[in-house]
Participant: 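Okay, here's the structure, questions in a sec.
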Amino acid sequence: MAVPDYQSLMLPVLRLAATGIRRVPEIAETIANEYGLSAEDRAALLPSGTQKLLPNRVHWAKTYLIKAGLLSSPARGQFTITPAGSALLASNPAAITRTILEQYPSFISFVGSKPNEGEKPAILSVKPDSTITDHQTPEERIEAAHTELMTELRSDLLDQILRQSPAFFEQLIVDLLVAMGYGGSHEDAAKRLGGTGDGGVDGVINEDRLGLDRIYVQAKRYAAHVSVGRPDVQAFVGTLVGHGSHKGVFVTTSSFSTHAIEFVRHLSQRVILIDGTTLADLMIEHGVGVRISRTIEIKRIDLDFFEPE
């Protein structure tokens, strides 16, 4: 089964904390065993790859229980049940959810003022078509929101590219390759890429500043529903052979067919296929055609600062 969400974990965490002083890693291991999680589920990471998913959800289940006064933390990294937590367990709840925690004033103080009857707390409000849900931890909600924004940005970038001229697309590839460190100076790259008129090749660019090796480039500005097939890629490879080259980059705003992808896997030449999604990701990563709208810093407590020397 998949890793349970943090709300599903609150009752098991509270039950385990009733047995003594506990820590997140040991509880995560116990829960993984109780739920029969696979090795893959146990190793699952947040989309950012910074933390394991299960311990992160156990941590937030513990945090919310502490904020509700159901758990206490006697020492760094430790927690145990409180009288209020024991009383809740004695009522034999089927589950513990945020709705139950909202019955505790300390939790309401933590999340903000109590909403009017029939309303959800503002912190939980989400769009109907959003991938963000009330069952996600704060990190998961942030990363889900970031994923939505990135998906929209990729789509907008490709739409803008398709509205431009072929010359603009060539210049875009110049800007991107230079931003990635190819072609030496921007002026040198601009001279080398575009306008070669050599069948199957739109340009050639130095791989390094010294020009020790060259990369041939083909760029196809296609609508999303038109994929690049094997014949186009094969023609490009033929041109590489004709130039005695063994390195090439084929860029498209759409996608590559399965046959095209399989074809390049078995070549002696090194041919990189960059589809629309990858092109957009590279533009975002290297700051081409995009700018920073807002920077948000997320800070955590520096426990070392509070440790006695």
Participant: What do you reckon, are the aromatic ring centroids of F256 and F250 less than 6.0 Å apart?
Facilitator: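 Ring-ring flag for F256/F250: true, centres closer than 6.0 Å.
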Participant: Should D41 and Y35 count as side-chain neighbours, where that means a heavy-atom distance under 4.5 Å?
Facilitator: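 D41 vs Y35: side chains apart.
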Participant: Taking the side chain as every heavy atom from C-beta outward, state whether I274 and T252 have any pair of such atoms under 4.5 Å apart.
Facilitator: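 They are not in side-chain contact.
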Participant: Please evaluate residues Q269 and V241 with respect to the criterion side chain to side chain contact (heavy atoms under 4.5 Å, CB included), reporting the C-alpha separation (whole Å), side-chain torsions for both, the decisive distance (0.1 Å), and the verdict.
Facilitator: CA-CA 8 Å; Q269 294 84 5; V241 174; 3.3 Å; yes
Participant: Contact between I66 and F110 at the side-chain level, heavy atoms closer than 4.5 Å - yes or no?
Facilitator: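 They are not in contact (no side-chain heavy atoms under 4.5 Å apart), so the answer is no.
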Participant: Quick one: closest heavy-atom pair of Q78 and R23, and the distance?
Facilitator: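 It is NE2-NH2, 3.0 Å.
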Participant: Side-chain contact, heavy-atom cut-off 4.5 Å: L273 with T278?
Facilitator: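 Heavy-atom side-chain distance check fails, nothing below 4.5 Å.
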Participant: Measuring only between side-chain heavy atoms, which start at C-beta, is L53 closer than 4.5 Å to L45?
Facilitator: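 Sidechains of L45 and L53: no contact.
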Participant: Check whether any side-chain heavy atom of H286 lies under 4.5 Å from a side-chain heavy atom of D175, and answer yes or no.
Facilitator: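 A side-chain contact is absent here, since even the closest heavy-atom pair is not under 4.5 Å.
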Participant: Which residue, V228, V271, V217, forms the side chain to side chain contact (heavy atoms under 4.5 Å, CB included) with F236?
Facilitator: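 The side chain to side chain contact (heavy atoms under 4.5 Å, CB included) with F236 is passed solely by V271 among V228, V271, V217.
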Participant: Can you find a heavy atom in the side chain of E34 that is under 4.5 Å from one in the side chain of L16?
Facilitator: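 In contact.
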Participant: Report the C-alpha separation of R42 and E29 in whole Å, then their side-chain angles, then the decisive distance to 0.1 Å, and conclude whether the salt bridge (Lys or Arg N to Asp or Glu O under 4.0 Å) test is met.
Facilitator: CA-CA 9 Å; R42 294 169 191 247; E29 182 67 22; 3.3 Å; yes
Participant: Report yes if some heavy atom in the side chain of L279 is under 4.5 Å from a heavy atom in the side chain of L157; otherwise report no.
Facilitator: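 They are not in side-chain contact.
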Participant: Can you list the steps and then say if N33 with T30 is a side chain to side chain donor-acceptor pair (under 3.5 Å)?
Facilitator: CA-CA 5 Å; N33 293 334; T30 300; 5.7 Å; no
Participant: Does D281 come within less than 4.0 Å of R154, counting only side-chain N to carboxylate O?
Facilitator: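 Salt bridge flag = yes for R154 with D281.
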Participant: Would R98 and Y64 count as a cation-pi pair here, with the cationic atom under 6.0 angstrom from the ring centre and within 45° of the axis?
Facilitator: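 Yes, a cation-pi geometry holds between R98 and Y64.
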Participant: Are a donor atom and an acceptor atom from the side chains of D275 and S254 found within less than 3.5 Å of each other?
Facilitator: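 The answer is no; no qualifying pair exists.
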